Amino acid sequence: MYYSSSRTTLKRVLFSHSEKSIFFAVYQPQNPPYTYTQKASYVDVYMKWKKDHYYDSIEHIHKSKLLKPIISLKNCIAQDPNGGIPISHVSKRGVEFDVPMKVAKFLRRYPSIFEEFTGPQYNLPWFKLTPEAAEIDREEKRIYEDCREELRERLKRLILMSKGKVLPLKIIQGMEWYLGLPDDFLRDPEKNLDGSFRFVEMEDGLKGLAVENDEKVLSVVQRNAMKQGVYFGNSTEAIEFRLFPSKGLRLRVKIQDWLKEFQKLPYVSPYEELSHLVPDSDIAEKRVVGLLHELLSLFVEHSAERKKILCLKKHMGLPQKVHKAFERHPHMFYLSLRNKTCTAILKEAYCDPSAIERHPILRIRKKYINLLKESDAILKKRRLSNRLVDRRSTDLDLDLDSTDEDRGVMEECHL
């Protein structure tokens with residue numbers, strides 16, 4: 001009895017999962033990330049959403065959804081060897097280009113980009129690019145040539161954040177607009193991809209693009225922390241996220257205390273393995289927040305429709321309620337509800353532009369947006385001219401009527 005009791009006690013001491021056990025102290029590596037997951041308990045924090053006019057007024061973010069079909073149609077016209085296309089060439093491709101109305105009506109809304117003329121046959125309407133739009137298109141092509149390596153690196157980082165370092169091609173194609181990749185980037189792999197990329201067959205018959213990489217990849221958060229001298233590359237180090245509170249947004253004391261402890265947790269890079277993390281723990285959430293930060297830092301506008309990001313859940317090991325990460329961290333992300341769309345915006349990119357590298361294609365998109373404004377001015381001027389013409393026509397009709405009446409009165413007097 002004594003022997004059995006002693007053996008039970010010894011097993012309890014050696015093999016207990018308690019941090020105070022002998023086995024734990026001897027055989028566990030020094031402060032691995034998963035030891036912190038046992039300490040951090042997930043707190044169900046509710047953050048009240050507050051409107052911020054600054055982020056709601058960033059033009060290139062909220063014009064992005066409109067600009068996408070315009071640039072798709074622009075590319076279709078620019079690729080034509082004749083420099084112009086008949087309306088029949090695109091009239092039935094509205095869904096493909098994500099055009100929200102009849103294609104002809106859409107093209108006529110932007111006369112500063114698309115110039116309408118009568119075609120060589122059958123008097124059909126044709127469209128070509130205006131000189132201003134054609135010049136921006138040439139500049140855009142030059143940037144794609146000069147920045148091909150940088151664009152390739154952004155695509156590589158996106159794939160490296162995924163499970164197994166592979167993503168379905170359809171997912172990548174859905175992210176091309178956000179990454180700033182040209183439409184034909186994946187159609188010419190020999191020109192645009194290097195030897196680290198390979199096409200693979202995935203489950204469910206999907207084709208995917210994988211990346212082979214043995215070098216350690218540092219996130220934007222890690223690189224900035226190194227520059228500031230607060231991070232030295234250790235996997236157990238805590239990196240605090242930079243916070244940018246909106247005016248008037250105050251957190252309860254309980255939430256402030258939770259946030260302070262959350263910041264002290266080790267930073268788990270989105271490029272590292274995540275299988276050791278306990279779901280629904282604070283450290284697992286810190287990795288999710290870090291992944292969303294890195295993802296938005298790769299995008300042209302450092303923003304994206306929230307529903308588009310949710311498409312990455314399965315492939316990046318994100319939790320089912322990943323959308324709550326945006327709501328739980330309003331000092332890092334802003335959710336804009338403009339244009340009947342929920343857009344997630346990375347605050348750091350707009351509060352400290354030097355912290356995140358500017359995307360090379362952003363300047364081009366801003367130039368197209370300026371053309372959109374010119375289109376509004378042109379259409380407004382046309383409407384004003386048409387009103388003046390209609391008014392003159394009405395005045396002329398009234399004058400003719402009065403002349404006829406005078407002639408009739410004179411005839412009656414002579415009689």
Side-chain angles (χ1 to χ4, degrees), residues 32-47 49 157-167 171 174-175 178 217-225 231 235-244 251 255 258-299 302-335 342-349 355-356:
Y34 65 83
T35 61
Y36 290 88
T37 65
Q38 308 306 317
K39 295 178 181 179
S41 58
Y42 186 85
V43 178
D44 189 11
V45 177
Y46 172 75
M47 305 285 192
W49 179 83
R157 284 177 172 271
L158 175 72
I159 298 174
L160 286 174
M161 283 190 282
S162 64
K163 294 191 299 184
K165 298 179 176 59
V166 59
L167 280 177
I171 293 292
M175 291 291 154
Y178 295 117
V217 181
L218 296 178
S219 67
V220 170
V221 172
Q222 288 173 314
R223 294 200 301 268
N224 288 339
Y231 176 69
S235 61
T236 61
E237 288 184 75
I239 303 179
E240 295 188 2
F241 293 119
R242 297 184 66 192
L243 306 180
F244 302 90
L251 305 181
I255 299 176
W258 168 79
L259 188 56
K260 288 178 183 177
E261 295 301 318
F262 180 84
Q263 291 279 52
K264 294 176 184 178
L265 294 173
Y267 174 83
V268 182
S269 170
Y271 302 107
E272 294 178 6
E273 179 61 36
L274 61 103
S275 59
H276 61 272
L277 298 179
V278 176
D280 290 340
S281 65
D282 281 344
I283 196 170
E285 180 174 351
K286 191 161 186 176
R287 183 193 180 275
V288 170
V289 172
L291 188 148
L292 295 175
H293 183 287
E294 182 73 3
L295 190 65
L296 293 176
S297 70
L298 296 177
F299 292 167
H302 305 304
S303 66
E305 290 184 51
R306 190 172 64 172
K307 64 181 180 181
K308 295 289 186 180
I309 297 176
L310 299 184
C311 295
L312 297 170
K313 282 194 302 186
K314 174 183 175 182
H315 306 285
M316 291 195 171
L318 297 173
Q320 187 65 27
K321 295 183 178 181
V322 61
H323 60 279
K324 287 188 173 294
F326 294 115
E327 302 166 9
R328 287 166 59 86
H329 299 274
H331 291 347
M332 291 182 62
F333 308 106
Y334 178 73
L335 293 177
C342 185
T343 303
I345 302 172
L346 180 62
K347 285 187 169 184
E348 185 175 9
I356 298 177

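Computed from heavy atoms alone, side chains included, the values below leave out hydrogens, waters and symmetry copies. Predicted model only: the values in this text are computed from it and were never measured.
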### Summary
dist Lys308:NZ -> Tyr178:OH (nearest 0.5 Å) comes out at 5.5 Å

### Message
I want to check something: taking the side chain as every heavy atom from C-beta on, are Glu261 and Asp282 in contact at a cut-off of under 4.5 Å?
### Response
no

### Task
Could you check Ile309 against Leu295 for side-chain contact (heavy atoms from CB on, under 4.5 Å), going step by step and ending with a plain yes or no?
CA-CA 9 Å; Ile309 297 176; Leu295 190 65; 4.0 Å; yes

#### Entry: Distance (rounded to the nearest 0.5 Å) between Leu296 CG and Leu291 CG
9.5 Å

### Query
Just wondering, are more than 12 heavy atoms of other shown residues or ligands nearer than 6.0 Å to NZ in Lys313?
yes

### Message
What's the separation between atom CG in Leu312 and atom CG in Leu167, rounded to the nearest 0.5 Å?
### Response
7.0 Å

### Query
Once the angle between the rings of Phe326 and Phe333 is folded into 0 to 90°, is it parallel (under 30°), tilted (30 to 60°) or perpendicular (over 60°)?
perpendicular

### Task
Could you pull out the closest heavy-atom pair between Pro319 and Val288, with the gap in Å?
CD-CG2, 3.6 Å

### Message
Taking Arg328 first and then Glu285, would you say they form a salt bridge - that is, a charged N and a carboxylate O separated by under 4.0 Å?
### Response
yes

#### Entry: Student check: side-chain heavy atoms of Asn224 and Arg242 closer than 4.5 Å
no

### Message
Please check: side-chain N/O of Lys347 versus main-chain N/O of Pro330, any donor-acceptor pairing under 3.5 Å?
### Response
yes

### Task
Decide yes or no for Lys163 and His315: does some side-chain heavy atom of the first lie under 4.5 Å from some side-chain heavy atom of the second?
no

### Message
Using only atom types and a distance under 3.5 Å, with no angle test, would you say the side chain of Gln222 pairs donor to acceptor with the backbone of Ser219?
### Response
yes

### Note, Met332 side chain near Val289 side chain (heavy atom, < 4.5 Å)
yes

### Message
Between Tyr231 and Glu237, does the side-chain contact (heavy atoms from CB on, under 4.5 Å) criterion hold? Intermediate values first, please.
### Response
CA-CA 7 Å; Tyr231 176 69; Glu237 288 184 75; 3.8 Å; yes

### Message
Please report the interatomic distance NZ(Lys321) to CG(Leu310), rounded to the nearest 0.5 Å.
### Response
13.5 Å

#### Entry: Inter-residue atom distance Cys342.SG - His323.NE2, 0.5 Å rounding
10.0 Å

### Query
Can you name the nearest heavy-atom pair linking Leu265 to Ala238, along with the distance?
O-CB, 3.3 Å

### Query
Do Leu158 and Met316 have side-chain heavy atoms sitting under 4.5 Å apart?
yes

### Query
Would you say the side-chain atoms of His302 pair up with the backbone N or O of Phe299, donor to acceptor, closer than 3.5 Å?
yes

#### Entry: Cationic tip of Lys286 above Phe241 ring, under 6.0 Å, 45° of axis
yes

### Query
Do Leu259 and Leu243 pass the side-chain contact (heavy atoms from CB on, under 4.5 Å) test, and can you show the C-alpha distance, the side-chain angles, and the key distance before you say yes or no?
CA-CA 11 Å; Leu259 188 56; Leu243 306 180; 3.8 Å; yes

### Task
Over all heavy atoms of both residues, which pair between Ala284 and Leu277 is shortest? Give the atoms and the distance, please.
CA-CD1, 4.2 Å

### Message
Are Leu346 and Ile356 packed together at the side-chain level, in the sense that at least one heavy-atom pair is separated by less than 4.5 angstrom?
### Response
yes

### Message
For Tyr267 and Arg287: C-alpha separation, side-chain torsions, deciding distance, then whether side-chain contact (heavy atoms from CB on, under 4.5 Å) applies.
### Response
CA-CA 7 Å; Tyr267 174 83; Arg287 183 193 180 275; over 6 Å; no

### Task
Kindly indicate whether the side chain of Leu218, heavy atoms from C-beta on, has any atom under 4.5 Å from the side chain of Ser269.
no

### Query
Can you find a heavy atom in the side chain of Leu298 that is under 4.5 Å from one in the side chain of Met161?
yes

